[in-house]
**Q** 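Quick one: this structure, given as structure tokens, is what I'll be asking you about.
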Amino acid sequence: MPEGPYEAQDPSPVRPASNMGMLQTIEFVDALRSTSNDHLGIDSRDLGIVLHVMHNHVGGRLTTMSSLAAASGLSYGTAFRTIEGLIAEGILVRRPRTTTGRSFSLHPSSELLRRWQIFAGHTRRLIEQASGDGARTQGKPVADIAAVIPPPTVLESKLALPRGLRLLVHADPTFMAMNTLKRQFEMILGVPIQSKALSIDRLRAEIVQNGQRPGSAYDIIACDLPWFGDMVQRGRLRPLDDLIAQSDMDISDFLPDAMASARRRDAQYGIPLLSTAELLVYRTDLLEAAGLAPPRTAAETLAVAKAMHAPERGRFGIAWNGGRGTALGHTFMVTMAAHGQPIVNLERVADGFRPEDMTEAHLRPMFDSDAAHAAADYLQSLLSVSPPGILSMTWYDRARAYASGNTALAYAHTLLVNLFERDASSPAYGKTGYLPQPTGLTGRPISPLGGYALAIPSNIAPDRVAPAWAALAALTSASAAKLFMTNGSLASPRFSVNRDPEVQAMSPVIGIVDTIARQGVLRAWPRPPVPGISALITIAGEELHDMLSGRKSRAEALNSAQNRAETVMRGLDPV
């Protein structure tokens, strides 16, 4: 057998394609070696050590000195000297495993993770070019790669949390991503993680019950943004300002309204973990085929939904939250906002409303307003173009109905758009448009801000506060937020993450949310974090459900809602 392309029995010339393939392979390997030297800044002999540490870091596995030496392919003496040299250079970090410091683990430093991110970007570009897909990336500036956020690094010291870190969270894609990444975060924090994930109503009930215990059963709890007014007034959350002041957390990187939602009386009680926008989604292909423009008002939305409504073909006009209680209560609250009025009498400001009650008058329920009547009429009209079972539909159901092709339009939180943005089998995949809430009356374009912030319970043991804060800061960091995004979530509260080139490539909705946040369209006041808001949502969800199911007239339902809500608000403790 010939040893190379030129040692052949056949005297005919070697085909140019064969020669080109060999040259491409040589050039690729040479370029990869150069990239490794330029961007990782390590000797090629040390690459095996770095690969092993990175592999374990991402997989959440422990790396010890002896295991790393064994995996290096070097003799033990050479391996130990090389590892010590990488530690001295700041490429690897050594973290004590015990209080004596005699046992330790090895991890990639933040500098190595930064270099690795750049190296990985250049490597992917080389692969694309070698495979023939490089034309679309050749013009991409190197600055894009440098702007990519690297993975989170380990804390310098393991958290001093006996029994591990205890979390109470919401059962949604971001927190499910956190659970998927549990081993990696246990490696980062240095302690086991115990996490309880509950649905929205059960989560709130558990937070309330936890606040009544002598000592908190959790170190960190996830709060829906509108709950902060209630939770703070009841004394269930610890203020974080002193902890923030002692840290290097960049508050300006968070969406301003997300931070404001977790603040009360100029004190910060939570740090946003995920932020979502409630938008109107629509099938671009169906509307285009019918010659219809995307709807921007309530009247246009109803008209488009009617045109798209075709039950005989298994397709309905629009999906929304009609389920009794919390689901419908949220729908009515944000629909009122789209008609120009929050559910309570918040103070008007130049760009809308102040999302906090400054006086008792700002807590007056507004079920007797023109906006409330118009919102109720709008929901009543939607019944005729909605799928069967609409009065039991909740957040996941409406997103699933749209993703499966059963509806042409839907109100949807960006938290759940991965159901059709990342599922190529969905009829809506790659064929979805996004708009702010359809407006009515004097309403201006808005998208209600949704999401959760992490908080520390006020009844946490004092010796657990500092390590709980360290864990909270790590879980809400830009690196962690990106990790959640790449593992199933599409809801980041940080500008830097939303601008990350790799994140933006995941879905067009990320850039859309970032844009509307900068334009002042994504707002907190449609779901204001004021005391009593949870009760008002429940009241709205019950009374409007009675109206939509035919048990009450509009006047009866809204009058009853107003009376019940005023009773609740009068019974609040002094602010």
Side-chain angles (χ1 to χ4, degrees), residues 31-32 35-36 38-40 50-51 54-55 57-60 108-131 133-153 173-174 176-178 180-181 184-185 188 250 253-255 272-277 414-424 429-430 432 434 474-518:
L32 184 61
T35 296
S36 171
D38 292 345
H39 299 295
L40 284 180
V50 169
L51 288 173
M54 288 294 300
H55 193 271
H57 180 70
V58 173
S109 67
S110 57
E111 174 61 18
L112 173 56
L113 291 170
R114 185 191 67 79
R115 294 185 193 180
W116 183 270
Q117 199 69 38
I118 296 174
F119 167 68
H122 282 280
T123 300
R124 284 192 295 271
R125 185 173 297 174
L126 288 173
I127 293 171
E128 288 170 348
Q129 291 171 357
S131 64
D133 296 330
R136 60 185 177 87
T137 62
Q138 284 177 351
K140 194 174 183 180
V142 174
D144 280 359
I145 297 177
V148 172
I149 298 170
T153 188
T174 296
M176 294 304 98
M178 183 186 294
T180 301
L181 298 163
Q184 187 169 350
F185 277 105
I188 290 167
D250 181 8
D253 191 36
F254 291 92
L255 303 182
L273 180 84
L274 67 98
S275 294
T276 69
T414 53
L415 185 68
L416 293 173
V417 299
N418 57 352
L419 293 177
F420 46 88
E421 281 286 353
R422 290 180 167 175
D423 183 359
Y429 178 75
T432 294
Y434 299 90
L475 293 171
T476 57
S477 67
S479 294
K482 181 181 175 180
L483 204 55
F484 301 145
M485 298 285 275
T486 55
N487 283 271
S489 173
L490 286 176
S492 167
R494 283 180 171 267
F495 287 120
S496 62
V497 177
N498 292 336
R499 291 196 303 267
D500 182 293
E502 293 182 346
V503 170
Q504 287 192 336
M506 295 177 191
S507 167
V509 76
I510 295 167
I512 291 169
V513 172
D514 187 61
T515 298
I516 64 175
R518 294 177 185 278

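Bear in mind that the values here come from a model prediction, so they are computed numbers and not experimental data. Starting from 1, each residue takes its place in the sequence as its number.
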**Q** Do the side chain of D253 and the main chain of R494 share a donor and acceptor less than 3.5 angstrom apart?
**A** no
**Q** Between F185 and A480, what is the shortest heavy-atom contact and its length?
**A** CZ-CB, 3.9 Å
**Q** Could you walk me through whether Q184 and M178 satisfy the side chain to side chain contact (heavy atoms under 4.5 Å, CB included) test, starting with their C-alpha distance in whole Å, then the side-chain angles of each, then the deciding distance to 0.1 Å, before giving a yes or no?
**A** CA-CA 9 Å; Q184 187 169 350; M178 183 186 294; over 6 Å; no
**Q** Would the distance check show the side chain of K482 and the main-chain N or O of I149 forming a donor-acceptor pair, the cut-off being under 3.5 Å?
**A** yes
**Q** Looking at A481, is its backbone amide N or carbonyl O close enough to the side chain of S492 to form a donor-acceptor pair, meaning the two atoms are under 3.5 Å apart?
**A** no
**Q** Rounded to the nearest 0.5 Å, what separation is found between the CD1 atom of I516 and the CD1 atom of I512?
**A** 8.0 Å
**Q** Could you tell me whether a side-chain N or O of D500 sits under 3.5 Å from a main-chain N or O of V503, the two making a donor and an acceptor?
**A** yes
**Q** Please report the shortest heavy-atom distance between A491 and L415, naming the atom on each side.
**A** CB-CD1, 4.0 Å
**Q** Minimum heavy-atom separation for T476 to F254, with atom names?
**A** O-CZ, 3.8 Å
**Q** Yes or no on side chain to side chain contact (heavy atoms under 4.5 Å, CB included) for L181 and F484, after CA distance, side-chain angles and deciding distance?
**A** CA-CA 8 Å; L181 298 163; F484 301 145; 4.0 Å; yes
**Q** State plainly whether the residues D514 and R499 are in salt-bridge range, i.e. N to O under 4.0 Å.
**A** no
**Q** Sub-3.5 Å donor-acceptor pair from the side chain of T153 to the main-chain atoms of P108, do we have one?
**A** yes
**Q** Would a distance-only check, ignoring hydrogens and angles, find a side-chain to backbone donor-acceptor pair under 3.5 Å from H57 to L113?
**A** no
**Q** Are R518 and F495 in a cation-pi contact, defined as NZ or CZ under 6.0 Å from the six-membered ring centre and within 45° of the axis?
**A** yes
**Q** Determine the sole option in S479, S477, P152 for which the side-chain contact (heavy atoms from CB on, under 4.5 Å) test with I188 is passed.
**A** P152
**Q** Between atom OG1 of T414 and atom CG of L274, what is the distance when rounded to the nearest 0.5 Å?
**A** 9.0 Å
**Q** Are any of the side-chain heavy atoms of T486 and L483 separated by less than 4.5 Å?
**A** yes
**Q** Keeping the roles fixed (side chain from Q504, backbone from N498), state whether a donor-acceptor pair exists under 3.5 Å.
**A** yes
**Q** Would you indicate whether the side-chain heavy atoms of Y429 and E421 approach each other to under 4.5 Å?
**A** no
**Q** Any side-chain heavy atom of Y434 sitting closer than 4.5 Å to one from V417?
**A** yes
**Q** Where is the tightest heavy-atom contact between L273 and P493, given as atom of each residue plus distance?
**A** O-CD, 3.3 Å
